[in-house]
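One structure is given here, and the rest of the page talks about it.
Numbered from 1 within each chain, the chains take letters A, B, ... in sequence-line order. Computed from a prediction, not measured in an experiment: that's the story for all the values here.
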There are 2 protein chains.
Amino acid sequence: MGILERKEREKQMRRDTIVRAAEGVFFEKGLRAATLEEVADKAEVSKGTIYLYFASKEDIYCALITRGLRLLLETFRETKPEEVGPAGALKRLGSAYLEFSRRQSYLFRMLSAAENPSVTENVSPAIFSELEDASNNVLGYVATFVQKGIDSGTFRSDVTAHEAVVLFWVSLSGILNLRQRSSTFKGTRALKADSIFASVDFDSLYSKCQAYLLDLLVSRKTGSAEWRSPARKPKGAVKQARVVRKR
Amino acid sequence: MGILERKEREKQMRRDTIVRAAEGVFFEKGLRAATLEEVADKAEVSKGTIYLYFASKEDIYCALITRGLRLLLETFRETKPEEVGPAGALKRLGSAYLEFSRRQSYLFRMLSAAENPSVTENVSPAIFSELEDASNNVLGYVATFVQKGIDSGTFRSDVTAHEAVVLFWVSLSGILNLRQRSSTFKGTRALKADSIFASVDFDSLYSKCQAYLLDLLVSRKTGSAEWRSPARKPKGAVKQARVVRKR
DNA sequence: TCCAGCCACTGACCCGCAGTCAGTGAATGT
DNA sequence: ACATTCACTGACTGCGGGTCAGTGGCTGGA
């Protein structure tokens, strides 16, 4: 019965339309200031229709975050981390994360917001489950490379892959968060001169932290010199040709 | 003119009453679900009175966060970190932070929420400035001990105290956040079994992380993890048997 | 002691928006 | 041709953040 399938497809498309409209509005106004009326206008449907697809404003927001996580995973995959060794893979992922937070700054901000339980505590189970899956997929993807390193003896084995990933994640995310925050403030509020945040170069700290975390993982016996950072470069240098050491 | 002073005192007390009432309500319900009506009831004033002391709901929330940061600073001071050396001081502070996040879990969650710019972007300048000061005081307090370590040669000097504090802060806060989140979920939502978060012992990770970060700071004769400067510099004392990079 | 002015305080009210639901009509099935 | 389904609509409701004209008690002066 092709009709049912067509209807299913149409339903999915309508849902996508709403999500994309919501993306625009939420990005521009933020969760609080955005109104569903506006989303409805932009999606060219009535407000009631939105509630046929989502149970609440928070649900839509959550769906956007899920979308963002999937995009992030896609971005990670595009760096082809499997082409290089575990340490190199983490290096690429770290750089991709930085790049992601720059290019998709609104999306990145939303992902950070999702850390806060208050955003996600009232969403419907189905939506939450998708978010959880997406989040696990991203972290799990990173974890595979850590695991590879552990298995191959490149990384120390007294730390589980999951622990390492969590540590990577919170450290790098935290720095990117502050980076974004302080650069936002430069535009809107005058950051006090004696602020700690005003005195830290977050880009530099990010790359330092990345390097440190890698060193932490790399077991001392094997050469830890492998993935010395090619240093912070003008933007656009992320995907520059690099020397890949193959054994 | 004692009357003016008395009035000033009374005003401050009224404000405190409101803040304390708000604390109860916000802790119980969260920012979104809490209503000012309820705060007013609890504080035994009318809703209008609240607006004589605070410009918006967000302002009150922000004031609570500021209170929380001051309490955290107080907690830090009570551990007497100056009694021991820099490394010992950081250990005490780290443990105190963990303890704080346990005892004052609602407060801690609010502090984490404050990381998100959307919470603080619309508060009035005066309130925001107080928050900024409180935040700087806490981080600055920690920084003094890092600085002591650097000055005395106990800590490496190729990292600024502020950088180190920021790294400490985001890493430990991030772990505590996830710790709290995962333990909260255990109560309300069933965390998926294959979730990364379900497989990590955050308490253990916290202490490991604390130890790693300290190790990072403590300078060593033989090259340990080296913070690479963002400026390209010749790789000096890399350890043994490293692989020579081609070209 | 009385009065005028001040001001902290009140709570009824306004308004915007999340969320609802009875109604509509087009597509589908018989 | 008719019945049924169902995606969709948009006027409506309730709630809660924020407002403001009004009130009464304190104060300082006469």
Side-chain angles (χ1 to χ4, degrees), chain A residues 1-19 21-22 24-26 28-64 118-124 126-127, chain B residues 1-19 21-22 24-26 28-64 118-124 126-127:
Chain A
M1 186 57 78
I3 287 179
L4 270 185
E5 289 158 9
R6 196 202 69 214
K7 286 206 171 177
E8 194 51 47
R9 251 190 348 261
E10 283 174 355
K11 238 177 152 173
Q12 193 56 46
M13 279 177 59
R14 181 59 55 98
R15 196 190 133 109
D16 273 4
T17 307
I18 293 172
V19 169
V25 177
F26 280 110
E28 199 180 330
K29 308 254 177 130
L31 174 58
R32 207 179 129 83
T35 72
L36 288 190
E37 206 79 56
E38 209 174 339
V39 174
D41 277 359
K42 206 165 207 167
E44 293 174 309
V45 296
S46 75
K47 196 162 57 151
T49 302
I50 292 183
Y51 282 90
L52 293 176
Y53 293 88
F54 297 94
S56 70
K57 194 181 178 185
E58 272 72 25
D59 268 25
I60 304 179
Y61 198 69
C62 216
L64 288 184
S118 68
V119 175
T120 51
E121 67 189 349
N122 289 319
V123 300
S124 56
I127 296 276
Chain B
M1 183 59 75
I3 287 178
L4 271 186
E5 289 157 10
R6 196 202 70 213
K7 288 207 169 178
E8 195 52 46
R9 252 193 345 265
E10 282 174 355
K11 236 176 154 174
Q12 193 56 45
M13 279 177 60
R14 181 58 54 98
R15 196 189 133 109
D16 272 3
T17 307
I18 293 172
V19 168
V25 177
F26 280 112
E28 199 180 330
K29 307 254 177 133
L31 174 58
R32 204 182 131 81
T35 72
L36 288 189
E37 206 80 55
E38 209 174 337
V39 174
D41 276 0
K42 205 163 207 167
E44 294 174 308
V45 297
S46 75
K47 198 162 56 150
T49 302
I50 292 183
Y51 282 90
L52 293 176
Y53 292 89
F54 297 96
S56 70
K57 195 181 179 184
E58 271 72 25
D59 268 25
I60 304 180
Y61 198 69
C62 215
L64 288 184
S118 68
V119 175
T120 50
E121 67 188 349
N122 288 320
V123 300
S124 56
I127 295 276

Rounded distance (nearest 0.5 Å) linking atom [atom1] of [X] with atom [atom2] of [Y]:
X: A:Ile18; Y: A:Lys42; atom1: CD1; atom2: NZ; result: 14.5 Å
X: B:Cys62; Y: B:Asn122; atom1: SG; atom2: CG; result: 10.5 Å
X: B:Tyr61; Y: B:Ile127; atom1: OH; atom2: CD1; result: 14.5 Å

**Report entry** Phosphate OP1/OP2 of D:dC8: any A:Arg14 side-chain N/O under 4.0 Å
**Finding:** yes

Per [X] side chain, nearest of listed nucleotides [options]:
X: B:Ser46; options: C:dA8, C:dT10, D:dC26; result: C:dT10
X: B:Leu52; options: C:dA27, C:dC9, D:dA7; result: C:dC9
X: B:Tyr53; options: C:dC9, D:dA7, D:dC26; result: C:dC9

Rounded to the Å, how far apart are [X] [atom1] and [N] [atom2]?
X: B:Ile50; N: C:dG11; atom1: CD1; atom2: P; value: 13 Å
X: A:Lys29; N: C:dC17; atom1: NZ; atom2: C1'; value: 13 Å
X: A:Glu44; N: D:dT9; atom1: CD; atom2: C1'; value: 15 Å
X: B:Arg6; N: C:dA8; atom1: CZ; atom2: P; value: 12 Å
X: A:Met13; N: D:dA7; atom1: CE; atom2: P; value: 16 Å
X: A:Asn122; N: C:dA18; atom1: CG; atom2: P; value: 15 Å
X: B:Lys7; N: C:dC7; atom1: NZ; atom2: C1'; value: 7 Å

Do you know the tightest heavy-atom contact between [X] and [Y]?
X: A:Arg15; Y: A:Tyr53; value: CB-CD2, 3.9 Å
X: A:Ile50; Y: A:Leu36; value: CD1-O, 3.8 Å
X: A:Val123; Y: A:Val119; value: CG1-O, 4.0 Å

Report task. Identify whether the distance between the nearest side-chain nitrogen and carboxylate oxygen of A:Glu10 and A:Arg6 falls below 4.0 Å. Result -> yes

Requested in this report: May I ask you to say what B:Phe54 touches in the nucleic acid, namely base, sugar-phosphate or nothing, with a heavy-atom cut-off under 4.0 Å?
Outcome: nothing

Please write out each protein N/O paired with an N/O of nucleotides 14-18 of chain D under 3.5 Å, distance rounded to 0.1 Å.
residue : atom : partner : partner atom : Å
D:dG17  : OP1  : B:Ala34 : O            : 3.0
D:dG17  : OP1  : B:Lys57 : NZ           : 3.0
D:dG17  : OP2  : B:Leu36 : N            : 2.8
D:dG17  : N7   : B:Lys47 : NZ           : 3.0
D:dG18  : OP2  : B:Tyr51 : OH           : 2.9
D:dG18  : OP2  : B:Lys57 : N            : 3.0
D:dG18  : O5'  : B:Tyr51 : OH           : 3.4
D:dG18  : N7   : B:Lys47 : NZ           : 3.0
D:dG18  : O6   : B:Lys47 : NZ           : 2.5

